[in-house]
Structure formats: C-alpha cells, structure tokens
Undergrad: 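Okay, handing you the structure first.
These values consider heavy atoms only, across backbone and side chains, with no hydrogens, waters or symmetry-generated copies. Ligands are counted one by one from 1 in listed order, and the atoms in each one are counted from 1 as well. This one's a predicted model, so the numbers in the text were calculated from it and none came from an experiment.
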Amino acid sequence: MARARVLSGVQPTGSLHLGNWLGAIRNWVDLQESHDTFFCVVDLHAITVPHDPARLAEDTLSTAALYLACGIDPARSTVFVQSHVPAHSELAWLLNCVTPLNWLERMIQFKEKAIKQGDNVSLGLLDYPVLMAADILLYDADLVPVGEDQKQHLELARDIAQQRINARFAPKDADGEPIPILRVPEPLILRQGARVMSLTDGSSKMSKSDPNEGSRINLLDPPELISKKIKRAKTDPVMGLEFGNPERPEADNLLGLYALLAGRTPEQAASDCAQMGWGQFKPLLAEVAVEALRPVQQRYADLRADPHGLHQVLEQGRHRASEVAAATLERVRGALGFLKAG
Ligand code: TRP
C-alpha cells in the first residue's frame with residue numbers, strides 16, 4: 001500500500017529557533033521513515049506582511065539548509081521552495097473564487113496579525129489561509145502536522161476541499177457516484193511536550209516575531225550567545241526544577257527543554273534536577289543546548305559551503321513537487337470548466 005502523504009512548511013522569516021526544531025522539524029525527520037513526505041519553504045507566505053527584498057532569497061536558502069541540517073533527507077523527502085512551483089499561486093486563485101470572504105475574516109491569526117499591522121494590512125494577509133490550503137491540497141496530502149495555532153487554518157483547507165470544491169464540482173462515475181477532486185487532509189497532532197515557550201515568559205510560545213532576541217534560541221546561535229540567553233532567562237525564587245506547577249511556567253519550560261535536548265525522559269529530567277537551584281541548572285541547560293545544536297550547526301556550515309549541492313536538492317524537489325502539483329491543478333481546472341490550452 002502507498003504510504004500516507006505528509007506536507008508541511010515553515011516561513012523563511014527570521015531564523016529558525018528551538019521551538020521550530022523541537023516542536024516541528026524533529027517530528028518531520030521521524031515521519032520520513034513511515035510516510036511520503038513533502039516539506040516546503042513557504043516564501044510566498046513571507047510577503048503577506050511587509051518584508052525586506054534584500055533578505056528573502058538568503059532567508060529562503062538558509063531555511064532550506066536548516067531543514068537538511070536537522071535531518072530532512074532529500075533522498076526520502078521532497079524539499080522545495082513554494083514560489084518555485086507556480087501551481088501554488090494558481091490554485092490559490094481558483095480557491096479564492098469559491099471561498100466565502102467571511103470564512104477568512106473570522107480567522108484568529110488574521111485578526112491578531114492585522115491588529116499588529118495597523119492600517120497597513122494587505123489583501124495577501126487576509127488570503128494567507130487560502131494559499132496555505134493550496135499548499136496542502138495540491139499534493140493530495142493525507143496528513144498535515146500542525147501545532148495548536150494552525151488548526152483553524154487546516155480546518156479551513158478541509159472545508160474548502162470538501163464543501164466548496166468536491167461537493168459542488170465533483171464529476172460522477174458510471175454509477176452516479178461523485179469522484180472527489182481534492183483529498184481532504186487530516187491534522188496530525190504532534191506528540192506532547194514539544195511546545196517550547198519563550199525564555200523571557202514561560203506562558204507564551206517561543207516565536208520568531210517576539211521583538212526580544214533574548215526570548216528565543218536560534219538554531220544558528222553561537223555557543224556563547226546560547227549561554228548568555230539561558231543565563232538571562234526568566235527564573236523564579238523557588239529552589240529545584242519541577243514540571244506541572246502552574247505557578248512556575250518557566251521551571252516547566254526550561255526543564256522540558258533540558259529533557260528534550262539531553263535526550264532524557266521527563267521522569268529522568270525531573271529527578272536529575274529536582275534538587276538543583278537555578279544557578280546550577282542554567283549552566284547545565286546551556287551545555288546540553290550547545291551540544292545538541294553542535295551537529296546541526298556543523299551540517300549547516302557544510303551545506304552552505306556547497307551552494308551547488310543545495311541548489312541541486314531544491315531543483316530535484318521542484319521537479320517532483322511540480323509533477324504532483326500539475327496533476328492536481330489539471331483536475332481542478334477541468335472540474336471548474338476551463339478551456340484546455342493547446
Ligand atoms: N502557516 C504555517 C505556519 O505559520 C506555515 C504553512 C504555510 C504551512 N503553508 C503550510 C504549514 C502548509 C503546513 C502546511 O506555521
């Protein structure tokens with residue numbers, strides 16, 4: 001039987017941090033064993049808020065290189081850049097024309113981002129979830145690994161596929177049964193414990209958009225910077241690290257990070273650090289963070305030293321992705337009644 005297909009992507013804005021790695025990319029690496037995996041760098045999404053053209057290409061390339069450095073294997077996964085496959089934009093347009101405006105206006109992330117943009121909100125920002133639906137639906141993805149914040153977007157992709165395309169436009173087979181045009185994807189809820197929180201506030205997620213650099217550890221931060229950020233991380237006056245105390249979100253987060261980075265189970269980590277004060281714990285956490293990132297940083301440096309190799313990986317990814325995407329787009333164009341070219 002064919003393997004279930006998985007698709008996911010990250011925006012090339014800013015650098016990837018521990019939250020992206022431990023919460024998402026590390027799980028993608030495991031999925032390669034059992035699934036047909038597609039991973040893209042979603043550069044078209046990156047321009048939905050004002051962006052710096054001088055950085056887009058470099059950020060796209062470095063994000064792709066970090067996927068590989070983290071263990072995404074181009075022999076097993078299709079790794080590509082969203083804008084290199086024009087079918088994403090084209091399917092997004094077709095989906096735009098069947099998606100009710102009020103489905104987009106009620107998206108939580110749009111409302112949050114729109115507030116931050118003030119009076120500079122682009123139509124693209126509103127349309128972001130439709131482009132994401134196109135990303136997913138183009139590849140007939142069975143499963144999409146998503147965190148809590150992306151669930152509403154996946155739900156939208158399902159509704160567009162099911163209610164707006166399949167229910168309205170599916171052709172019928174000889175028995176009068178509808179032949180679905182788009183596969184309706186399911187969310188893949190990732191294992192617990194991988195929600196990495198900010199170093200400066202244990203109750204908010206580690207995020208690229210936090211203006212405070214000290215709130216996150218980027219995958220390419222040098223060892224001294226990692227130590228410095230951990231040293232400055234928010235603490236509390238209590239002695240001993242522990243999980244699950246609602247009064248101590250920072251202890252919970254940093255102990256969780258220690259467990260993930262040191263390869264310890266939560267039980268082991270809790271017993272390792274139950275008696276430690278912050279002054280003893282922080283240098284230990286810094287050490288395991290530096291050690292865990294060292295091989296990723298080394299592979300990253302090797303990959304960037306061979307731009308031709310990286311380019312080839314993305315070209316191969318573009319080819320494979322384009323093939324699948326073209327077939328889906330053809331089905332949708334046909335179902336919507338477009339005149340064939342040629
Ligand atoms: N919106 C996603 C995020 O910010 C990124 C994304 C774009 C994505 N297209 C996707 C994720 C398709 C999964 C599948 O995390």
Side-chain angles (χ1 to χ4, degrees), residues 4-28 31 35-49 51 56 59-60 63-64 66-67 72 77-85 87-92 95-96 99 104 107-114 116 124-161 182-190 194-196 205-210 216 317 321 324-325 328:
R5 183 169 293 159
V6 166
L7 177 128
S8 200
V10 170
Q11 290 188 48
T13 35
S15 25
L16 296 185
H17 53 66
L18 278 184
N20 300 121
W21 185 33
L22 301 173
I25 300 174
R26 200 180 47 130
N27 299 293
W28 301 356
L31 284 166
H35 292 71
D36 180 17
T37 40
F38 282 64
F39 301 117
C40 58
V41 180
V42 290
D43 54 348
L44 296 170
H45 280 103
I47 67 162
T48 55
V49 293
H51 82 289
L56 185 59
D59 287 348
T60 301
T63 303
L66 273 171
Y67 285 4
I72 300 299
S77 292
T78 303
V79 180
F80 65 103
V81 175
Q82 183 190 33
S83 71
H84 291 180
V85 181
H88 290 251
S89 303
E90 197 173 343
L91 182 61
L95 301 181
N96 273 338
T99 303
L104 297 175
M107 289 287 127
I108 296 161
Q109 200 166 71
F110 170 69
K111 290 193 250 181
E112 287 172 354
K113 289 190 184 177
K116 283 194 206 153
L125 188 65
L126 179 68
D127 203 28
Y128 179 115
V130 177
L131 178 60
M132 178 165 161
D135 299 341
I136 296 165
L137 300 173
L138 267 182
Y139 298 96
D140 293 326
D142 298 290
L143 294 166
V144 182
V146 280
E148 200 54 44
D149 62 328
Q150 295 298 315
K151 268 194 197 155
Q152 196 186 27
H153 289 163
L154 185 67
E155 202 51 47
L156 182 93
R158 289 171 50 84
D159 289 346
I160 293 174
L182 294 174
R183 179 161 305 163
V184 181
E186 302 281 342
L188 179 63
I189 307 300
L190 296 169
R195 204 173 133 91
V196 178
K205 221 175 126 172
M206 186 177 284
S207 157
K208 286 180 194 171
S209 55
D210 191 323
R216 62 184 160 265
V324 181
T328 307

Undergrad: If you have a sec, work out which protein heavy atom is nearest atom 1 (N) of ligand 1 and how many Å separate them, to one decimal?
TA: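 Its nearest protein heavy-atom neighbour is Y128 OH, 2.7 Å.
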Undergrad: Side chains of P185 and D142, heavy atoms from C-beta outward: is any pair under 4.5 Å?
TA: no
Undergrad: Just to be sure I'm reading this right: ignoring hydrogens, which of C40, S8, G9 gets closest to atom 6 (C) of ligand 1? Compare them by their nearest heavy atoms.
TA: G9
Undergrad: Where's the contact between I136 and ligand 1, heavy-atom distance under 4.0 Å: side chain, backbone, both or neither?
TA: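 Near ligand 1, I136 shows its side chain, while the N, CA, C and O stay back.
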Undergrad: Looking only at protein heavy atoms, which one is nearest to atom 9 (N) of ligand 1, and how far off is it?
TA: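 For atom 9 (N) of ligand 1, the nearest protein heavy atom comes out as D135 OD2, 2.7 Å.
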Undergrad: Please list, in number order, the atoms of ligand 1 under 4.0 Å from a heavy atom of L7.
TA: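 Counting from 1, the qualifying ligand atoms are 12 (C), 14 (C).
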Undergrad: Give me the residue, atom name and distance of the protein heavy atom closest to atom 2 (C) of ligand 1.
TA: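 Of the protein heavy atoms, Q150 OE1, 3.4 Å lies nearest.
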Undergrad: For the side chain to side chain donor-acceptor pair (under 3.5 Å) test, which of Q152, H153, E148 pairs with Q150?
TA: H153
Undergrad: Answer whether the closest heavy-atom distance between the side chains of L16 and K208 falls below 4.5 Å.
TA: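 They are in side-chain contact.
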Undergrad: Just by modelled atom types, is the G147 backbone N or O under 3.5 Å from a matching donor or acceptor in the R195 side chain?
TA: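 Not a single qualifying donor-acceptor pair exists.
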Undergrad: What I'd like to find out is whether the side chain of L44 reaches to under 4.5 Å of the side chain of L131, using heavy atoms alone.
TA: yes
Undergrad: Given T60 and D43, is the side-chain hydrogen bond (donor to acceptor under 3.5 Å, both in side chains) satisfied, shown in steps?
TA: CA-CA 7 Å; T60 301; D43 54 348; 4.5 Å; no
Undergrad: Check each heavy atom of H45 against ligand 1 and say whether those closer than 4.0 Å belong to the side chain, the backbone, both or neither.
TA: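 It is the side chain that touches ligand 1; the backbone stays farther off.
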Undergrad: Closer than 4.0 Å to some heavy atom of V42 - which atoms of ligand 1 meet that?
TA: 7 (C), 9 (N)
